[in-house]
Chemist: 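Structure incoming, see below.
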Amino acid sequence: MRRYSVFAVAREGLRYHTGWERAWRSPQPKKKYDVIIVGAGGHGLATAYYLGKNYGITNVAIIEKGWLGGGNTGRNTTIIRSNYLQDPSAAIYDKALKLYENLSQDLNYNVMFSPRGLIMLAQTHHEVRGYQRTVMANQLQGVATEWVTPEQLKKLVPIINIHGPRYPVMGGLYQKRGGTARHDAVAWGYARACSDMGMDVIQQCEVKGVRTEGGKVVGVSTTKGDIDCDKLGMVVAGHTSVLAEMAGFRLPIESVALQALVSEPIKPCMDVVVMANTVHGYMSQSDKGEMVIGGGTDSFNNYTQRGSFHHIEETVRALVETFPMVSRLKMLRQWGGIVDMTGDRSPILSKTPVEGIFVNCGWGTGGFKAIPGSGWAMAELMAKGHSPLTQEFDMFRFREGKFIDESVAAGVAH
Amino acid sequence: MSTRLANSGRLIDRSKPVEFKFNGKRFKGYEGDTLASALFANDQMMVGRSFKYHRPRGVVASGAEEPNALFNMGEGGRFEPNQRATTQEVFDGLTIRSQNHWPSLEFDIGAVNQLFARWLPAGFYYKMFIHPRPFWKHVYEPFIRQSAGLGQVPQEKDADTYEHFYYFCDVLVVGGGIAGLAAALKEGQAGKKVLLLEQTADFGGRAVVDGVEIDGKSAEAWVQETLAALNAMPNVTVRNRNMASGVYDHGYVLGYERLTDHLSDKSGPRHRLWRIRAGHIITATGAIERPLSFAGNDIPGVLLAAAVRDYVVNWGVSVGDRTVVVTNNDDAYRTAIVLKNAGLAVPAIIDARASGAGPIAAEAEKLGIRVLKGKAIAKVKGKTRVTGVKVCLQAGEGSVIEEIACDCVAMSGGWSPVVHLWSHCGGKLNWDEDLAMFRPDPSRAPTGADGKAFVSTVGSASGYLSTADVLKDAGLEVATNEVAAAPLEPVWLMPQGAGPKLRMKAWLDYQNDVKVSDVQLAAREGYESVEHTKRYTTLGMATDQGKLSNINGLAILSKSLDASIPNVGTTTFRPPYTPISLGAITGAARDELFQPIHKTPMFDWHDANGADWEPVGHWRRTYAYVRNGESVHDAVNREILNVRENVGTLDASTLGKIIVKGPDAGKFLDMLYTNMMSNLGVGKCRYGLMCNENGFLSDDGVVVRLAEDTWLCHTTTGGADRIHGWMEDWLQCEWWDWKVYTANVTEQFAQIAVAGPKARLLLEKLGGNMDLSKEGFPFMTYVEGKLGEFDARIFRISFSGELSYEVSVPASQGAALWAALQEAGKDLGVMPYGTEAMHILRAEKGFIMIGDETDGTIIPQDLNLQWAISKKKEDYLGKRAQERSFMASPDRWKLVGLETLDGSVIPDGSYVPAPGYNPNGQRNVQGRVTSTYYSPTLKRGIAMGLVKHGPDRMGEVIEFNREDGTMVKAKIVDPVFYDKDGEKQNV
Amino acid sequence: MLLLQCPYCGVNAEETELAAGGEAHLKRATVGDSDEAFEGYLFMRENKKGVHLERWRHAYGCGKWFLAARDTATLEVFGTYPAQTTEPPADVTENIRAKYPDWSWKETA
């Protein structure tokens, strides 16, 4: 693989960029692979990448129904943070964050990781206590976060209104290392690196069936024919239940639509990511200048990736309340993505009832930030059969009642 | 140069001149002008700078598809970035400033990027700026951000108001061109309730500009007659300046009506968002002309051919004196003819088709216009405006045959139906090879709740381009004077063999600076999906969302991949059609109306008496009543001590109150609560716990048996609706044969806690007919009767540990009772107390608080509340869950009291580290604090917390972390800090 | 923005008037049932891409819970019916079969 660098761009500029290689090959599937990963989104590609990089397993195919990175990887609001309350969450998200910090160099592809900082607003006393608890937990987890006062917050985010008549800002949970990255580039960078290791990224190839023998996986049937494998990773956020049904088991998840929007681009005005959970809205400014805004999920099962309006309305109301100036901006585009939600809203990285099949799903609305950590942990689980990072995210935890619940701010008060 | 013509201009009113400011200069226009037409009238050809290379940009279109002419508009609270000049009407006093340049439009430092354009192809940033690592955050990214971004940031709060409007109709027709008018007429005549929306100020679309005759009368006359007929129908509503911005599931459509954007007078709402439910939607949204891809097609003065025609006919402005028309179809000949007839020069029509046009060519030639067949533009000359074109063979590689001096180029690459609304909910498209366009496929329409199609298209939106065909599609057979057109010939690159130098100058996306060479590079590098190419090159991602560029880009991509256009596919169309203001989306729900505030009957008294407000759910509760010279903390301490020493009153009206009644009510409550409620005696109170099916505590409160078949269940503040819904869920969906009735009466009653050693004295001072004595009214019972003049239910329950009564009266009597208590209690030292004092009072007593001691993962056993779990019951909601292995584990953290050794307060949220680290390198933990306060009663820090094996470790000292990294030592103690034997509440 | 007809009050209710309640016709597992059965009741969901029988409450209307048969891939609504039943009524099943002739519900398969 020819390396990307300023010198390579300079050289190519002189010959009208005719010498660039394909970023990834577009091969036909082979008869058999050691490992098949279904789903060429960020999580699937990262799983394949770390299988190769960390365990030398490169006879790998990543098969994708549509185009690589075309699912939730390309539909999210690109927020990256690891300020989670519960230990297992903090562990995997912080692993991801650490990998993000060096990902551009590791992949030789600029994923534009931008650690501009992230603040979660506390707008009730209850939320104040919840986030202070998170700061304390993070300290023992080795995740640097801090509590900031409304005054400090106003300095970090000058466009914020801390005196909102309905929900004044009472402070915030600040993670300086948090930020954003260019979502497409993450998928493309991993795909290029996987392809370079000799793995096959096979797009436009839909899985129609999962073939098992004696309770063990032997391969998949696809629109490009049968492909055999020893191990199978299901990494198809939003459609996991459909794939699991092909393999004959059920999962504790439901698919719902998540809504997001961007405004027209304006000059830089907010150099930090802000999440306002009481009023349900979060916002950051992209490098292009668009305000990238995310909101709530539908509460009903949905497989259509269409935008719905009332969530957008609620989110925009919340943001106009928090950032009054956005009222004069215009919505450029809204869209929906299908996410799968588990019983405790935490992900599943797990073995399954079928030997050789592993599942990575249930990231809900927060999957993008986890991509490198999720891939790293999933690769370990698939290569070694166990991983400390995935241990608590087993799919059977619900049977024991062992939840990983991040919703401390969702309680009630007298 | 561009100028105002002496005649013509069907939309402007020359008797009404207006003045506006552009970059500080005074310009003149007329009412009816758009900003774009008025700028042309003032010879302002350059209007902005492109996003990436800061290239000079001029107006290219005349409608919503305009990618270039975007302005910072207005001042102060009415400032708005990225306002599109082609859809903004001018008014007197309007101010605009051009965008994305520094220091000025004419001399822009950013234009230096053009020198490096060769090294800044699509996606260059993915390949550069990788090393050294910190440089991305600190050097490269800030630079890229600063040079991107278009419009300025609004600095002030929005000075305008917005509103929402609901509308229901049988048929919604979108588009007020002839197709839409005809469709609306047909539906209206059929008796349907019809709404017709037109995004611009006027009706008729292209037909009136092109001067077509319909059944012997002018299109203008036909449009006016049809409009009059529609307006006369009571079942038809017609609205202009109202754009259908998005089609959503089950026939939901948003209409974006701009009420004052075109007026000097800004009173009244600025935008009105129509929330429409339509039985059926007909999109008559017309078609958009495509640019041609030739070198220099982005220089100011290169416009769409139909736009050049619009400016002459609609607004009486000429873009240039000498216009070269370049086309691959017959329609652009109309522009040449209109210009010639207006007395302007048209040196040539450059037709890429070797066979040229149909009969319209003869018409042009008769006017003396030179028609060059099989020719193309090799290159446009000029920097900040067009000075000429170099002509070459379309079939060749760009060798220049001749140069033609001109100051305007009118281009037409064919037309694309506007299929956005059709596609928003999944309508599919077919590629029409002959017309080189995507057309809606009626057999794959978006389907609604009934599974049937709910959107259809009509006219140009269906892909019909002649007036007769358009009206026929709308169900109207008419005769027109249009001549037959020769077929269009797809031209995706001009000349077809253009080399890399020309391709690098052939723009696809004007705003985002995406060129033919960029799309080809993306294809070469394997970004084969149209979505990849779009994202890699940013094609179609600008504020026009690719209305001009998407099809051209797609065609270049498909050629590069040797694939057919339909096989490469289109990107997804997403709402809105054109950007709509966030203000309109917000509507009236801002500031005080952002979310409704729930107020108790005593709200005004609290507000007048120093209430420091706290939002709790939708309620506002008083955190503390702050007196002059006091801090909030002082006030809380004062209130607590006064409850302990005298008497205090708490507004507890927000507590949920649900009546549960019926023969099976007791059985039902036994399932709902962990305790037994069916055996509660009439007139008695019992504290109850509710769990969800996962076994986790979800709510608590006192249950009162009002009568043999009637219970009153108190819930937490904010829990009332949730718990009532929960009850109804079980009653309607699981135990629907049980005879139980529930009513949420939370807001029907005001409730006041009267707590403190002098509580009984205070109530007795009000008088009435109830026996309030210790013997006559024992703890955990209730009485009903007259308290003074008030109709009261009094519950003898205590959440503070003091002698305490909760008095419940009809909501209408709440304020008066509150006032009466303050008045009567003056000499007893009565003071109101707020929620924080309540929290601390209960913590001193070791009472748990839902939301503090619980967080959605806590079972009653964790809080040592086994006493509140009935052993006699076979089942209750949550029981099975609590039997699961992790729930039954002896290692679960349990509730204890905590006393700091130095008397300080443990920080909120603090954890207790345990020795060692887990496999993920995180410090092991063995507990955490759940409630922590300074107790003014005990004059020290007290806390409750959950600690592993906690109840077995009484007296042990453990350490809690602080944010600064130091630790605070605390002793594990009984959680009841105050009056352990409960003597005070029982006096 | 879905429209569902409340079978009790007859109102064509907007999605914003309704609260979704997940998969319908679940059998409550409780004391005496196995861990697996209890897990199935609380967590394991069909999550069908296609016909989904589900619970809704007309929360900002008559307050009643009702059930709906809806296609999660197209959002077509085959019918709504009262919650007080253990299986979809015949007319709703018929509507579903008109679109999916081979459709059968897990409990009647």
Side-chain angles (χ1 to χ4, degrees), chain A residues 4 6 9 13 16-17 20 22-24 67 70 87 91 104 109-110 114 124 129 132-133 136 139-141 165-167 184-185 264-269 287-289 307 309 313 316-317 320-321 324-335 388 400-402 405 407-408 411-414, chain B residues 80-82 118-119 121 126-130 141 144-145 148-154 157-158 248 500 521 525-526 529 531 535 543 574-575 579-583 585-586 589-590 594-595 615-616 716 718-719 849-851 855-857 884-887 908-911 913 919-920 922-923 961:
Chain A
Y4 290 160
V6 64
V9 172
Y16 301 103
H17 302 277
W20 292 113
R22 292 181 62 99
W24 48 80
W67 299 96
D87 286 351
S104 296
Y109 199 104
N110 188 356
S114 170
T124 63
R129 288 193 295 272
Q132 285 177 342
R133 178 178 164 194
M136 295 303 200
Q139 187 191 74
L140 299 175
Q141 291 154 347
R166 191 68 184 82
Y167 294 110
D184 295 321
E264 291 185 339
I266 52 170
K267 289 293 176 193
C269 64
D287 284 346
K288 271 193 77 186
F309 182 67
E313 187 185 335
V316 167
R317 280 177 180 180
V320 167
E321 177 73 6
M325 53 76 74
V326 302
S327 178
R328 300 295 297 191
L329 303 186
K330 296 194 275 301
M331 171 167 82
L332 178 59
R333 185 177 168 91
Q334 70 163 106
W335 66 93
E400 302 165 51
K402 198 170 181 184
D405 194 332
S407 58
V408 288
V412 290
H414 268 281
Chain B
E80 176 164 17
N82 306 325
R118 198 169 185 170
W119 291 278
Y126 298 124
K127 296 169 178 159
M128 296 161 65
F129 312 130
I130 297 174
E141 189 188 30
I144 287 180
R145 292 190 75 190
L150 293 182
Q152 292 297 323
V153 180
K157 193 169 177 214
D158 198 336
Y248 301 85
L521 173 64
E525 291 194 86
S529 144
E531 280 291 344
R535 290 151 182 261
T543 59
R574 300 284 190 188
I580 63 174
S581 68
L582 299 190
I585 294 172
T586 306
R590 60 180 63 216
F594 164 55
Q595 278 177 4
V616 184
T716 56
M849 172 78 82
I850 298 290
D855 63 1
T857 65
R884 290 175 298 179
S885 60
F886 186 69
M887 301 288 192
D908 261 317
S910 186
Y911 277 78
N920 291 318
Q922 298 167 318
R923 185 69 190 264
N961 68 336

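To find a chain, count down the sequence lines: A is the first, B the second, and so on, and within it residues start at 1.
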Chemist: For chain A, which candidate among B:P575, B:P81, B:A589, B:G583 shows the most heavy-atom pairs at distances under 4.5 Å?
Modeler: B:P575
Chemist: Chain B: which of A:E264, A:R328, A:K330 shares the most heavy-atom pairs with it under 4.5 Å?
Modeler: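 Highest number of pairs under 4.5 Å: A:R328.
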Chemist: Let me confirm one number: the CD1-CG distance from B:I580 to A:L329, rounded to the nearest 0.5 Å.
Modeler: 13.0 Å
Chemist: If you count heavy-atom pairs under 4.5 Å with chain A, which of B:N961, B:V153, B:I144 comes out on top?
Modeler: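 Top option by heavy-atom pairs under 4.5 Å: B:N961.
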Chemist: Could you check whether any side-chain heavy atom of A:M331 comes within less than 4.5 Å of a side-chain heavy atom of B:I585, counting everything from C-beta outward?
Modeler: yes
Chemist: Donor-acceptor check, side chain of A:Q132 to backbone of B:D908, threshold 3.5 angstrom: yes or no?
Modeler: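 No, because the side chain of A:Q132 does not come within donor-acceptor range (under 3.5 Å) of the backbone of B:D908.
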Chemist: Do you know which of A:E321, A:E313, A:R166 has the most heavy-atom pairs with chain B at a distance under 4.5 angstrom?
Modeler: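 Winner by heavy-atom pair count: A:R166.
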Chemist: Chain B heavy atoms under 4.5 Å from A:Q139: which part of the residue, side chain, backbone, both or neither?
Modeler: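 Only the side chain of A:Q139 comes within 4.5 Å of chain B.
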Chemist: Going by heavy atoms in the side chains, are B:Q152 and A:K267 under 4.5 Å from each other?
Modeler: yes
Chemist: So for B:S581, is it side chain, backbone, both, or neither that comes closer than 4.5 Å to the heavy atoms of chain A?
Modeler: both
Chemist: Looking at A:A185, A:G401, A:S104, which one has more heavy-atom pairs under 4.5 Å with chain B than the rest?
Modeler: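 Sorted descending by pairs with chain B, the first entry is A:G401.
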Chemist: How long is the straight-line distance from CZ of B:F886 back to NZ of A:K402, given to the nearest 0.5 Å?
Modeler: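 Interatomic distance, A:K402 NZ to B:F886 CZ, rounded to 0.5 Å: 5.5 Å.
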Chemist: Heavy-atom pairs under 4.5 Å with chain B: which of A:A23, A:S327, A:P388 has the most?
Modeler: A:S327
Chemist: Determine, stepwise, if the pair B:R590 / B:K157 fulfils side chain to side chain contact (heavy atoms under 4.5 Å, CB included).
Modeler: CA-CA 11 Å; B:R590 60 180 63 216; B:K157 193 169 177 214; 5.9 Å; no
Chemist: Could you look at A:V320 and say if it's the side chain, the backbone, both or neither that has a heavy atom under 4.5 Å from chain B?
Modeler: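 Answer is side chain: those atoms of A:V320 sit under 4.5 Å from chain B.
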Chemist: With sequence neighbours left out, write down each residue that passes side-chain hydrogen bond (donor to acceptor under 3.5 Å, both in side chains) with A:W335, or none if nothing qualifies.
Modeler: none
Chemist: Is it the backbone or the side chain of B:L521 that comes under 4.5 Å from a heavy atom of chain A, or both, or neither?
Modeler: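 Answer is side chain: those atoms of B:L521 sit under 4.5 Å from chain A.
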Chemist: Please identify, among B:P500, B:S910, B:P154, the residue contributing the most non-hydrogen atom pairs under 4.5 Å to chain A.
Modeler: B:P154
Chemist: Counting heavy-atom pairs under 4.5 Å with chain A, which one of B:N920, B:T543, B:T857, B:L150 comes out on top?
Modeler: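 Maximum pair count with chain A is reached by B:N920.
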Chemist: Relative to chain A, which of B:K127, B:R118, B:E525 shows the most heavy atom pairs under 4.5 Å?
Modeler: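 Answer, by heavy-atom pair count under 4.5 Å with chain A: B:K127.
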Chemist: Hey, which of A:W24, A:Y167, A:W20 has the most heavy atom pairs under 4.5 Å with chain B?
Modeler: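 Option with the greatest count: A:W20.
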Chemist: Counting C-beta onward and ignoring hydrogens, is there a side-chain heavy-atom pair between A:V6 and B:W119 closer than 4.5 Å?
Modeler: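 A:V6 vs B:W119: side chains apart.
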Chemist: Measure B:Q595 against the heavy atoms of chain A and call it side chain, backbone, both or neither at under 4.5 Å.
Modeler: both
Chemist: Where do A:T124 and B:P615 come nearest, in terms of heavy atoms and distance?
Modeler: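 Shortest heavy-atom separation between A:T124 and B:P615 comes out as CG2-O, 4.1 Å.
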Chemist: Would you mind telling me which of B:R923, B:E141, B:M128, B:R145 has the largest number of heavy-atom pairs within less than 4.5 Å of chain A?
Modeler: B:R145
Chemist: Hey, does the side chain of B:N82 reach the backbone of A:P265 with a donor-acceptor pair shorter than 3.5 angstrom?
Modeler: yes
Chemist: Would you check, one step at a time, whether the test side-chain hydrogen bond (donor to acceptor under 3.5 Å, both in side chains) holds for A:Q334 with B:Y248?
Modeler: CA-CA 12 Å; A:Q334 70 163 106; B:Y248 301 85; 2.6 Å; yes
Chemist: Please rank A:N110, A:V9, A:D287 by heavy-atom pairs under 4.5 Å with chain B and give me the top one.
Modeler: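 Of the options given, most contacts go to A:N110.
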